[in-house]
**Q** 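Let me begin by handing over the structure; questions about it come next.
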Amino acid sequence: MSKHLQPNVNPTGFESCYHEVKLAEGSVHVYADKELFAGLDPRIFEMAGRNLQIPGIRYMGYTPDVHVGVGTCIGTTAVWNSEDGMVSPSIVGSDIGCGMRVHLTNLHRRDVQDLRLRRKLVNRIEKYLPMEAHKRGAFSDLRMDHIVQKGLKGLPGKYLPDSMPVKRSPSLTRVEQARFAFDPEELNAVADNYWVKGLRQLGTLGGGNHFAEIQYLEIAEENREIAKRWGMFDGQVAVMIHSGSRAWGAMVSQHYTPMAARAMKRLGFGTDDPKLIFAPLDSPEGRRYTDMMASALNVAVVNRHLIAYAIREAFLDVFGPKLEMNLLYDLMHNYAWEERHGGEERFVHRKGATRALPAGHPDNPDVYMETGHPALIPGSMGTASYIMAGLPGGAANYHSICHGAGRVRSRSATKRLVTVDQFAAALKVGTEEEVIVNHNSLGVILDEAPQAYKDVDQIIGSVTGAGLASVVAKCRPLAAVKGAKS
DNA sequence: ATGTTC
């Protein structure tokens with residue numbers, strides 16, 4: 001029993017961080033402190049009511065960063081039985097497989113303190129890491145069909161170097177290293193341009209809130225033992241990546257949502273929201289969607305892996321061959337999958353929600369069985385990100401925690417209300433602590449200013465306050481790489 | 001988020 005290392009936590013305000021909201025259709029369980037809860041948009045509860053109309057739903061939870069989305073809020077955990085449940089393309093959303101990856105280097109923050117060196121590093125990263133798509137002919141050694149079907153196992157060995165171990169360290173779960181038996185006809189039906197574009201977009205960041213950051217770690221005092229086991233130390237330079245399956249996942253959403261809608265019509269299912277689409281897991285349409293969603297998860301993991309590979313090339317250019325960049329974990333926050341909860345098989349949808357399994361949970365990968373796996377939480381630009389460990393109390397929310405800060409204002413409103421100078425101040429431009437960014441003009445990414453987001457520290461405070469997870473490390477930004485609309 | 005764009 002004592003072999004499991006539990007994170008140290010002293011939840012002080014559990015009662016004040018949990019709210020059961022009773023609606024006509026059932027309850028939605030909200031994890032947020034009183035202030036965040038009071039500030040929530042009332043539309044998220046109307047949305048919860050319509051989601052709770054889907055037959056067979058067992059549970060619906062909101063994380064503290066919850067906000068309105070299409071059909072279903074970002075920040076939702078929605079659960080069915082595996083045996084006779086539903087799968088919903090609307091709940092998964094269109095950014096299928098979007099998630100986080102962290103690599104730990106053997107560098108200390110003092111090794112990258114010099115601003116000119118950091119700028120050089122960002123320039124190097126831009127050389128290897130396109131924002132939109134690789135030039136025609138790049139990655140001629142990759143097979144998109146292998147990647148779609150086998151994920152990381154579909155990559156040639158060249159892309160799996162020892163200094164960023166993937167094969168050697170079984171640190172990925174069955175979701176992230178999924179391998180599926182795809183129906184050839186299903187894949188044959190995908191238009192040629194998606195195969196071409198899919199290949200060219202591998203190892204590219206994309207736009208919106210996606211990013212790659214160079215960060216340094218501040219280990220939380222109370223979880224030093226876990227941090228040590230995970231190979232982390234104070235001041236360690238880490239690379240955090242936030243990206244997804246790019247156009248492939250968008251194609252799956254666009255093509256298979258109408259297909260699931262036809263199944264609903266055939267079977268006589270519906271809710272008050274015509275945009276909320278779902279199908280039985282054991283219907284032909286439900287199975288086809290779930291398979292194709294899995295293909296997007298494979299693409300997303302490979303995309304993040306190749307982004308990390310590109311960043312490693314940049315680091316090797318600058319720091320030489322002694323540089324190490326070990327994978328800590330890769331973890332998605334937009335997907336649906338089978339998991340074991342309370343000894344039962346459940347089908348868990350997470351839309352903008354991060355799995356945080358505690359020590360001993362059977363779905364942990366072996367290397368993290370004794371601590372729980374790292375839960376990777378991105379902050380907004382210029383603020384902190386977090387690496388957390390799940391607590392047993394997280395079972396209340398099916399081991400889901402937040403996926404970031406959560407937007408407080410739209411992109412257009414942010415551009416209207418926030419000035420470039422205010423953004424620059426948030427990035428500490430002109431000081432020794434400046435967060436180096438890959439854009440000369442901050443105006444092109446103004447909609448991603450931290451002023452567009454909630455305070456991530458307060459979001460994390462609600463997660464720890466509710467006893468769902470505990471902080472292992474706070475990750476402070478040193479440099480940020482982002483795509484921008486030209 | 002992405003792609004296509006009246």
Side-chain angles (χ1 to χ4, degrees), chain A residues 65-76 88-101 129-134 136 144 148 190-213 240-258 275 277 289 292-293 295-304 306-307 330-336 349-354 378-381 403-415 444-449 452-453 480-486:
Chain A
D65 50 334
V66 63
H67 56 104
V68 171
V70 179
T72 302
C73 292
I74 322 299
T76 293
S88 169
S90 303
I91 301 182
V92 172
S94 54
D95 192 7
I96 302 171
C98 183
M100 309 303 301
R101 170 179 283 247
L129 175 62
M131 297 301 120
E132 288 305 315
H134 281 277
R136 203 169 289 277
M144 188 65 182
V148 161
V190 176
D192 289 350
N193 60 319
Y194 285 109
W195 291 104
V196 174
K197 177 169 273 184
L199 192 62
R200 291 181 60 198
Q201 284 188 332
L202 290 172
T204 68
L205 208 46
N209 61 359
H210 291 170
F211 67 76
E213 274 191 4
M240 181 176 275
I241 293 159
H242 183 189
S243 189
S245 56
R246 315 283 280 103
W248 185 271
M251 172 276 291
V252 170
S253 168
Q254 199 172 4
H255 189 270
Y256 288 83
T257 302
K275 286 204 171 110
I277 305 305
Y289 170 73
M292 288 304 283
M293 174 186 61
S295 79
L297 303 186
N298 285 342
V299 171
V301 172
V302 170
N303 184 37
R304 284 188 293 274
L306 292 173
I307 290 169
D330 185 297
L331 181 60
M332 299 184 264
H333 47 236
N334 291 342
Y335 68 102
H349 295 69
R350 294 199 177 87
K351 183 181 201 174
T354 305
S380 51
M381 262 189 100
H403 89 302
R407 248 180 200 281
V408 282
R409 47 177 70 101
S410 68
R411 295 187 182 280
S412 57
T414 305
K415 284 182 188 164
V444 297
I445 51 171
L446 185 57
D447 52 348
E448 282 293 310
Y453 289 90
V481 177
K482 288 189 71 84
K485 284 221 164 192
S486 51

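Lettering follows sequence order; numbering is per chain, from 1.
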**Q** At a cut-off of 3.5 Å, list every protein nitrogen or oxygen paired with a nitrogen or oxygen from nucleotides 3-6 of chain B, distance to 0.1 Å.
**A**
| from | atom 1 | to | atom 2 | distance (Å) |
| --- | --- | --- | --- | --- |
| B:dG3 | OP1 | A:Q201 | NE2 | 2.7 |

**Q** In this structure, how many angstroms lie between the C1' atom of B:dA1 and the CD1 atom of A:I96, rounded?
**A** 11 Å
**Q** Between A:V299 and A:M144, is a side chain to side chain contact (heavy atoms under 4.5 Å, CB included) present by the stated rule, with each step listed?
**A** CA-CA 9 Å; A:V299 171; A:M144 188 65 182; 3.9 Å; yes
**Q** A:F211 CZ to B:dA1 C1': how many Å, rounded?
**A**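 The answer, rounded to whole Å, is 15 Å.
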**Q** For B:dT2, take OP1 and OP2 only and decide whether either is under 4.0 Å from a side-chain N or O of A:H210.
**A** yes
**Q** Just call it for A:G244: base, sugar-phosphate, or nothing, with non-hydrogen atoms closer than 4.0 Å on any strand.
**A** nothing
**Q** Please determine if A:E448 and A:R407 form a salt bridge, counting it only when a charged side-chain N lies under 4.0 Å from a carboxylate O.
**A**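 A:R407 and A:E448: salt-bridged.
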**Q** Just jot down the salt bridge (Lys or Arg N to Asp or Glu O under 4.0 Å) partners of A:R409, sequence neighbours excluded, or say none.
**A**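 Listed in chain order: nothing, the list is empty.
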**Q** How close or far is atom C1' of B:dA1 from atom NE2 of A:H67, stated in whole angstroms?
**A** 12 Å
**Q** Above 12 or not: heavy atoms from other molecules or residues under 6.0 Å from CG of A:D192?
**A**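 Not buried by this count: 12 neighbours or fewer within 6.0 Å.
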**Q** Rounded to the nearest angstrom, tell me the gap between atom CG in A:N209 and atom P in B:dT2.
**A**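 The distance from CG of A:N209 to P of B:dT2 comes to 8 Å, rounded to the nearest Å.
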**Q** Is A:H255 atom NE2 crowded by more than 12 heavy atoms from other residues, nucleotides or ligands, each under 6.0 Å away?
**A** no
**Q** List in chain and number order the residues that pass salt bridge (Lys or Arg N to Asp or Glu O under 4.0 Å) with A:R350, two or more places apart in sequence or in another chain; answer none if no residue qualifies.
**A** A:E339
**Q** Whole angstrom is fine here: how far is it from CE in A:M131 over to P in B:dA1?
**A** 15 Å
